[in-house]
**Student:** 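Encoded as structure tokens, here's the structure I'll be asking about.
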Amino acid sequence: MNVYKKIQANIAQGKKQIAVLLDPDKIVIQADFIQQIELFERSGIDFFFIGGSIVEEQHFRKVVDFLAEHCQIPLILFPGAHYQIHEAADALLFLSLVSGRNAEYLIGQQVKASKQVQQMQLETIATAYMLIDGGRTSTTAYVTQTQAIPRNEIDIAVSTALAAKMLGMQAIYLEAGSGAHFPVPTTMIEAVKKEIVLPLIIGGGIRNKEEAQAIFAAGADIIVIGNALEKNPKLIEEMMKLQISNSKII
Ligand code: 1GP
């Protein structure tokens, strides 16, 4: 299965897509976790994203192996560092932190990973990763030693996304940071969507159906939810009701 083609086909059909973020660092493979995964699978989520800022490598591999073996939902790697790659996944978001000016996260980590990714024959989706201020210092900003784009700097966000598109990126990911106080502003999502015809992924701080609905309506193609589902996995059932055709939001 080519994951990028699937994303594009969903967009062409007007289908809004929901990804559940799993942070291996917070996962213990036991009954609760297995039940949660089954719930997500039954609910019909589109993707699992897996990765985190600080993840122990062996444990990361164990969690990916488990998921690849036990569930049918496409598994997309969302790495916080170069070692978070695994051949059992369906695709890898090959991220470049284009909102920052730290060469290590623009290209350094990618160079460290590239040969292994090639050997694994992993599908890569070149993704412009843009950190947007979510009302608190995010782990990503701290770990990468970069600054988020201020919430009101819509032009900077649009120009950054445009530059990424001109560099050949395949997707744009606007990230408010895990556990953000506020998700990415809808005005920014609208402005980026208007200029750039690429799959648009939005994550960070999405806590309820209303926020998800507003973010989809503003132009997000995929939303990514982590913390809110860790706290209340059943929230997925409400979120899935937002998945409808032709961008007509219920
Ligand atoms: C994915 O970092 C987000 O882009 C996940 O954020 O944990 O706040 O949902 P939350």
Side-chain angles (χ1 to χ4, degrees), residues 7 16-27 33 36 40 43 45-55 60 63 73-81 84 89 91-100 105 125 127-144 146 148-149 151 157 161 164 169 171-186 188-189 192 198-216 218-236 238-240 242:
I7 293 172
K16 299 295 185 180
Q17 302 165 69
I18 296 186
V20 172
L21 175 65
L22 300 173
D23 181 348
D25 201 35
K26 298 183 187 159
I27 293 171
F33 173 68
Q36 275 179 30
F40 295 145
S43 310
I45 66 161
D46 296 279
F47 307 106
F48 281 119
F49 278 16
I50 182 152
S53 296
I54 304 159
V55 176
F60 164 79
V63 174
I73 308 290
L75 195 55
I76 303 185
L77 301 173
F78 174 47
Q84 292 174 33
L92 163 69
L93 292 187
F94 205 69
L95 303 170
S96 179
L97 184 59
V98 295
S99 56
Y105 290 91
I125 302 172
T127 303
Y129 192 48
M130 295 171 48
L131 193 56
I132 312 299
D133 178 19
R136 66 189 272 268
T137 304
S138 66
T139 311
T140 308
Y142 178 77
V143 170
T144 62
T146 63
I149 296 176
R151 298 175 68 72
M169 296 280 184
I172 305 288
Y173 193 142
L174 303 183
E175 168 71 86
S178 185
H181 289 326
F182 321 103
V184 176
T186 50
M188 188 180 276
I189 298 169
V192 169
L198 281 178
L200 182 57
I201 309 169
I202 308 290
I206 303 172
R207 291 191 175 79
N208 54 50
K209 190 178 157 188
E210 290 69 33
E211 281 171 346
Q213 181 168 331
I215 288 168
F216 275 143
D221 297 305
I222 304 177
I223 60 167
V224 188
I225 309 167
N227 274 287
L229 291 171
E230 274 165 32
K231 288 197 192 102
N232 175 18
K234 291 222 160 115
L235 183 65
I236 196 63
E238 272 185 54
M239 293 284 190
M240 292 309 295
L242 297 170

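All ligand and atom numbering here is 1-based and tracks the order in the structure.
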**Student:** Under 4.0 Å from any heavy atom of Gly179, which atoms of ligand 1 are there?
**Tutor:** 7 (O), 8 (O), 10 (P)

**Student:** Where is the nearest protein heavy atom to atom 5 (C) of ligand 1: which residue, which atom, and how far?
**Tutor:** Leu21 CD2, 3.6 Å

**Student:** Within ligand 1, which atoms have a heavy atom of Ile225 less than 4.0 Å away?
**Tutor:** 9 (O)

**Student:** Against heavy atoms of Asn227, which atoms of ligand 1 measure under 4.0 Å?
**Tutor:** 7 (O), 8 (O), 9 (O), 10 (P)

**Student:** Below 3.5 Å, N or O to N or O, backbone or side chain included: is there any such pair between Gly226 and ligand 1?
**Tutor:** yes

**Student:** Picking from Thr140, Leu174, Ile149, Thr144, what satisfies side-chain contact (heavy atoms from CB on, under 4.5 Å) with Ser99?
**Tutor:** Ile149

**Student:** Does the Asp46 side chain pair with the main chain of Ala19, one donor and one acceptor, at a distance under 3.5 Å?
**Tutor:** no

**Student:** When you compare ligand 1 with Ile206, is there at least one nitrogen or oxygen pair between them that comes in under 3.5 angstrom?
**Tutor:** no

**Student:** Under a 4.0 angstrom heavy-atom cut-off, which atoms of ligand 1 come close to Gly204?
**Tutor:** 1 (C), 3 (C), 4 (O), 5 (C), 6 (O), 8 (O)

**Student:** Specify whether Tyr129 and Tyr173 have parallel, tilted or perpendicular ring planes, treating 30° as the upper limit for parallel and 60° as the lower limit for perpendicular.
**Tutor:** perpendicular

**Student:** For ligand 1 and Gly205, I'd like to know whether there is a polar contact (N/O to N/O, distance under 3.5 Å).
**Tutor:** yes

**Student:** Identify, for atom 4 (O) of ligand 1, the protein heavy atom at the shortest distance, and state residue, atom and that distance.
**Tutor:** Tyr173 OH, 2.5 Å

**Student:** Glu238 side chain to Asn208 main-chain N or O, any donor-acceptor pair under 3.5 Å?
**Tutor:** no

**Student:** Do Leu77 and Phe48 have side-chain heavy atoms sitting under 4.5 Å apart?
**Tutor:** no

**Student:** Restricting to non-hydrogen atoms, name the atom on Met239 and the atom on Arg207 that form the minimum distance, rounded to 0.1 Å.
**Tutor:** CE-C, 4.2 Å

**Student:** Compute the minimum heavy-atom distance from Ala228 to ligand 1 and say whether it is under 4.0 Å.
**Tutor:** no

**Student:** Indicate yes or no for a side-chain donor-acceptor contact from Asp221 to the backbone of Leu200 under 3.5 Å, with no hydrogens or angles considered.
**Tutor:** yes

**Student:** Hey, is the main chain of Ala220 close enough, under 3.5 Å, to the side chain of Lys16 for a donor-acceptor pair?
**Tutor:** yes

**Student:** In ligand 1, which numbered atoms sit nearer than 4.0 Å to a non-hydrogen atom of Gly203?
**Tutor:** 4 (O)

